[in-house]
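By convention here, the first residue in the shown sequence is residue 1. In listed order, ligands and their atoms are each counted from 1.
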Amino acid sequence: MSDKPEKFIDENGLRLDGRRVDEIRPMKMEIGVLSRADGSCYLEWGKNKVLAAVYGPRELHPRRLQKADSALIRYRYNMAAFSVEDRIRPGPSRRSIEISKVSREAFEPVVLTHLYPGAVIDVFAEVLQADAGTRTAAINAACMALADAGIPMKGLVSACAVGKVDGQLVLDLNKPEDNYGDADIPMAMTSDGEITLVQMDGDVTPEEFKQAIEMCKEGCRQIMEIQKETLRNKFTKLDDVEISDD
Ligand code: UDP
């Protein structure tokens, strides 16, 4: 691991990777990348690389786990053994179980689960390369995989983190900021600005916390534009295809 930098923000207000404090890392995504999944998305965000796959809605077995009035959402966040500097031991860890739980909860308010009683919707988010912000990257990819699978949702969910370095709030932490900064606050939001995930590691003042929410909202708004554009690109292309009567 690299050493703690002396300064995170230079005299011109630029961060170690050249970004402004309110700038997110470059993001690109593609949907429909896995033929066996009902929906899928490959996302790159800075140096993070994440693959998300959605299966369902399909009947849940064993039947005793079924919910009579809605579908069950299952979410599995996993870091590939080769995704980080030190190899990660394969299999669930306390960290991945916690991230899977809070990420599932980030989708529960938007997925119209009542339409599929007795069913299950499985979401898999595989981190192939990690560079800080993987839980939020995974949520952004998972949202696109859900949309690609045609799962009815009230709206999209997007996620990013705000942190604090050199006494200043910064949007979308890079690795040194995540490792050595004073705070890390990942959040997820719906298109209506409803917060569906907020976690906090470190310390900020109540005033800074309010500012962090506003910064995050702006980051999520930008990400949502990329998500919408990705969907538009795929589905307008489908509209262009002529449907024959044969
Ligand atoms: N990380 C790592 N090994 C681990 C967990 C995390 O090397 O077992 C790295 C990885 O680059 C990750 C970063 O530390 O993106 C920050 O991890 P954190 O737990 O804050 O979650 P994230 O920011 O990825 O959601």
Side-chain angles (χ1 to χ4, degrees), residues 1-5 8 15-17 19 21-29 41-52 75-107 123-145 157-165 168-189 195-204 208-209 212-213 215-216 219-220 222-223 226-227:
M1 205 198 292
S2 54
D3 294 334
K4 181 175 178 178
F8 290 94
R15 293 149 74 180
L16 295 168
D17 52 16
R19 282 183 291 151
V21 290
D22 59 352
E23 200 176 334
I24 61 170
R25 289 172 287 186
M27 180 185 285
K28 58 179 185 183
M29 52 179 89
C41 174
Y42 172 67
L43 176 143
E44 289 185 5
W45 190 5
K47 292 184 206 149
N48 289 309
K49 297 184 178 179
V50 177
L51 191 57
Y75 188 110
R76 195 189 77 155
Y77 162 100
N78 183 55
M79 269 182 157
F82 52 80
S83 65
V84 292
E85 275 170 67
D86 302 320
R87 176 182 179 275
I88 286 202
R89 196 171 160 200
S93 62
R94 281 179 65 157
R95 177 179 174 276
S96 70
I97 292 168
E98 175 206 306
I99 294 176
S100 300
K101 176 188 181 287
V102 295
S103 305
R104 170 174 52 74
E105 289 168 355
F107 284 101
V123 183
F124 297 91
E126 294 289 320
V127 178
L128 307 177
Q129 186 168 290
D131 198 55
T134 57
R135 75 195 65 201
T136 48
I139 288 172
N140 293 324
C143 175
M144 298 305 286
V157 173
S158 50
C160 72
V162 168
K164 189 174 158 187
V165 291
Q168 277 198 58
L169 293 179
V170 290
L171 185 62
D172 181 24
L173 302 178
N174 59 34
K175 190 84 186 341
E177 291 167 346
D178 190 306
N179 284 356
Y180 301 112
D182 303 321
D184 177 10
I185 312 173
M187 295 189 204
M189 275 177 211
I195 297 174
T196 61
L197 162 85
V198 60
Q199 296 187 284
M200 185 156 94
D201 187 10
D203 290 319
V204 290
E208 284 170 338
F209 186 68
I213 291 178
M215 255 177 128
C216 226
C220 287
Q222 290 175 26
I223 294 164
I226 302 171
Q227 291 173 312

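- Ranking protein heavy atoms by distance to atom 12 (C) of ligand 1, first place goes to A132 N, 3.8 Å.
- Remark: the backbone N or O of L173 is paired with a side-chain donor or acceptor of R25 at under 3.5 angstrom.
- Defined by atom type and a distance below 3.5 Å, a donor-acceptor pair is missing between the side-chain atoms of D131 and N48.
- Here is the list of ligand 1 atoms found below 4.0 Å of a heavy atom in D184: 20 (O).
- Ranking protein heavy atoms by distance to atom 11 (O) of ligand 1, first place goes to K175 CE, 3.0 Å.
- Near D131, meaning under 4.0 Å from any of its heavy atoms, are these atoms of ligand 1: 11 (O), 15 (O).
- For atom 16 (C) of ligand 1, the nearest non-hydrogen atom from the set T136, I88, D178 comes from D178.
- The ligand atoms of ligand 1 that sit less than 4.0 angstrom from a heavy atom of R135 are 18 (P), 19 (O), 20 (O), 21 (O), 22 (P), 25 (O).
- For atom 23 (O) of ligand 1, the nearest non-hydrogen atom of the protein is G133 N, 2.8 Å.
- For the pair E177 and K164, the salt-bridge criterion is not met [side-chain N within less than 4.0 Å of a carboxylate O].
- The two residues V123 and A142 have their closest heavy-atom pair at CG1-CB, 3.7 Å.
- Formation of a donor-acceptor pair under 3.5 Å by the S83 side chain with backbone atoms of M79 is not found in this model.
- Judged by distance alone, the side chains of E98 and Q199 do bring a donor and an acceptor atom under 3.5 Å apart.
- Protein heavy atom nearest atom 3 (N) of ligand 1, with residue, atom name and distance: V84 CG1, 3.8 Å.
- Nearest protein neighbour of atom 24 (O) of ligand 1, counting heavy atoms only, is T134 OG1, 2.5 Å.
- Atom 5 (C) of ligand 1 has its nearest heavy-atom neighbour, among Q199, R95, Q129, in R95.
- Minimum heavy-atom separation, V21 to M215: O-CE, 3.4 Å.
- Under 3.5 Å, the side chains of W45 and D172 contain a donor-acceptor pair of N or O atoms.
- Among all protein heavy atoms, the one lying closest to atom 10 (C) of ligand 1 is A130 CB, 3.7 Å.
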